[in-house]
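I have placed the structure first, in the form of structure tokens, so that the comments after it can refer back to it.
Sequence lines set the chain letters: A, B, ... in the order given, protein chains first and strands last, and positions in each chain run from 1.
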2 protein chains.
Amino acid sequence: MGHSRAAKQDTHNRIVDVASKRLRQEGFAGVGVADVMHEAGLTVGGFYKHFASRDDLLREALDAACGAWRAQKAAADAGGPQVSYQLLVHEYLSPAHRDNPGTGCPVAAVAADVGRADEGTRALFSQRIDQNIDLLASLIPADDARTARAQAILTYSALVGAITISRVAADDPLSREILDTVRDLLLKKD
Amino acid sequence: MGHSRAAKQDTHNRIVDVASKRLRQEGFAGVGVADVMHEAGLTVGGFYKHFASRDDLLREALDAACGAWRAQKAAADAGGPQVSYQLLVHEYLSPAHRDNPGTGCPVAAVAADVGRADEGTRALFSQRIDQNIDLLASLIPADDARTARAQAILTYSALVGAITISRVAADDPLSREILDTVRDLLLKKD
DNA sequence: ATTATCTATAGATCTATAGATAATGC
DNA sequence: ATTATCTATAGATCTATAGATAATGC
């Protein structure tokens, strides 16, 4: 009960963060208004003072998930430790990333769901994917920009496909084989 | 009204086929018991004489989707026109496949959903994926079996990732760029 | 006075079940 | 007599809204 001044923004961010995590853990269908509010320490009623609809929350949560991934790289790329192609591929295809989708790449987690979403959501997500490909291309040494971009597109596709499949295989040794094999081929060949 | 002898099996297959298509078009969450029965020309009530539960239908529909894809290749591989690595990659990364998920590869359509399913469903789907990798490996010319399998894993990951992302991008030119680029790199290099 | 959040609930949707209906097969 | 399918509905779940409550800010 009770409320506060502009601490509403904190509450708003907390709701979006919870939804962003659940979105990647459970998919679009796993994001229930009541569940998200409860996990954020709130009750259902207040939800619609923050969002016009459940779809509105999904859009914000999806964008937040994309932003978090890019910010993580932008920060490391700016002041923090240098991001390298090797490090990025290594971390993306790690068991840690496979086992923690809630804080991982949203493309791997919900791309299929987004493919079925409205055009606005798809357009937003397409931009994020394009930006990620650009980022990858900038890390790849190549004769010209066109070759780097082509290689980035192949790498990005392989990363997303490999971790998606490795999550299905879960406890099966196949899961680790996929991660290790794709990592080795992406790092040792080109 | 009405019924029949072992025409029940026809009805059963029809329900599974509809579910198998909707599964790939709309994801797990898009498969409603009433919707599927209606699309099969039936009503809700009869459903539970065919399946113990909605989950039971999902398992059968998923397996049917996997079987259809393999049968398509086994048939072509046996009597029909020879399946080649080139043809397979070309068709998998075609706009036709991108735009018709309902009759396409179930891995690209619902792998993320399966990753969140119960262990039995995941184990079944893992086997299908392993079989598909074996099939791909058998089509790849390589010095030894180990190299062929590794290359098959990379190719399979890239195929699944590329078509998943291309479905998000939809009308954007990026969609076609991804399909064409990954196809060219998979076919011209290795 | 305003407003952020809460309690309570309406309305829609979905899975699953109960009982009726009508065609098959002994 | 059996059974495949249908109509009808119970019970659960989920989005969204209405009205109450209590803390902020003029």
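To the nearest angstrom, P of dT15(D) lies 9 Å from CG of Leu58(A). His38(A) has its NE2 atom 15 Å from the P atom of dT13(D), to the nearest Å. Look at CD1 on Ile15(A): it is 12 Å from P on dA4(C), rounded to the nearest Å. The CZ-C1' distance, from Phe47(A) to dC6(C), rounds to 16 Å in whole Å. One atom, CE of Met37(A), and another, C1' of dT15(D), lie 13 Å apart when rounded to the nearest Å.
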If you look only at distance, which donor and acceptor atoms sit under 3.5 Å apart when one is on a side chain in residues 175-183 of chain B and the other is two or more places apart or in another chain?
from: Ser175(B); atom 1: OG; to: Arg98(B); atom 2: NH1; distance (Å): 2.8
from: Ser175(B); atom 1: OG; to: Ser166(B); atom 2: O; distance (Å): 2.7
from: Arg176(B); atom 1: NE; to: Asp180(B); atom 2: OD1; distance (Å): 3.4
from: Glu177(B); atom 1: OE1; to: Arg149(A); atom 2: NH2; distance (Å): 3.0
from: Glu177(B); atom 1: OE2; to: Arg149(A); atom 2: NE; distance (Å): 2.7
from: Asp180(B); atom 1: OD1; to: Arg183(B); atom 2: NH1; distance (Å): 3.3
from: Thr181(B); atom 1: OG1; to: Glu177(B); atom 2: O; distance (Å): 2.6

Distance-only donor-acceptor hits, side chain of residues 34-45 of chain B, under 3.5 Å, sequence neighbours excluded:
from: Glu39(B); atom 1: OE1; to: Arg22(B); atom 2: NH1; distance (Å): 3.0
from: Glu39(B); atom 1: OE2; to: Lys21(B); atom 2: NZ; distance (Å): 2.8

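Heavy-atom contacts from other residues, nucleotides or ligands closer than 6.0 Å to CG of Asp143(A) number 12 or fewer.
Hydrophobic clustering places Leu88(B) together with Ile140(B) (ILVMFWY residues linked when any side-chain heavy atoms are closer than 4.5 Å, directly or through intermediates).
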Read 5' to 3' with Watson-Crick or G-U pairs under 3.5 Å, [ ] for crossing pairs and | for partners on another strand, DNA chain D gives ||||||||||||||||||||||||..
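Applying the salt bridge (Lys or Arg N to Asp or Glu O under 4.0 Å) test to every pair with at least one member in residues 101-113 of chain A, sequence neighbours left out, gives these pairs: Asp113(A)-Arg116(A). Residue pairs meeting the salt bridge (Lys or Arg N to Asp or Glu O under 4.0 Å) criterion with at least one partner in residues 157-172 of chain B, sequence neighbours excluded, are Arg122(A)-Asp171(B).
The nucleotide whose nearest atom lies closest to any side-chain atom of Leu42(B) is, among dA4(C), dC6(D), dA4(D), dC6(D). Each of dT7(C), dA4(D), dT5(C) was ranked by its minimum atom distance to the side chain of His50(A); first place goes to dT5(C). Between dT5(C), dT15(C), dT7(D), one nucleotide has an atom nearer to the side chain of Thr43(B) than all others, and that is dT7(D).
The one candidate from Ile129(A), Leu135(A), Leu136(A) that meets the side chain to side chain contact (heavy atoms under 4.5 Å, CB included) condition with Ile133(A) is Ile129(A).
Aromatic ring orientation, His97(A) versus Tyr92(A): perpendicular (interplanar angle above 60°, classes split at 30° and 60°).
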Write down the protein N/O and nucleotide N/O pairs, taken from nucleotides 8-12 of chain D, whose separation is under 3.5 Å; answer none if there are no such pairs.
none

**Asked** Does the side chain to side chain donor-acceptor pair (under 3.5 Å) test come out yes or no for Asp56(B) and Ser53(B), once each step is laid out?
**Response** CA-CA 5 Å; Asp56(B) 194 25; Ser53(B) 66; 5.6 Å; no
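Within 4.0 Å of Val31(A), counting heavy atoms only, lie sugar-phosphate atoms of the nucleic acid but no base atom.
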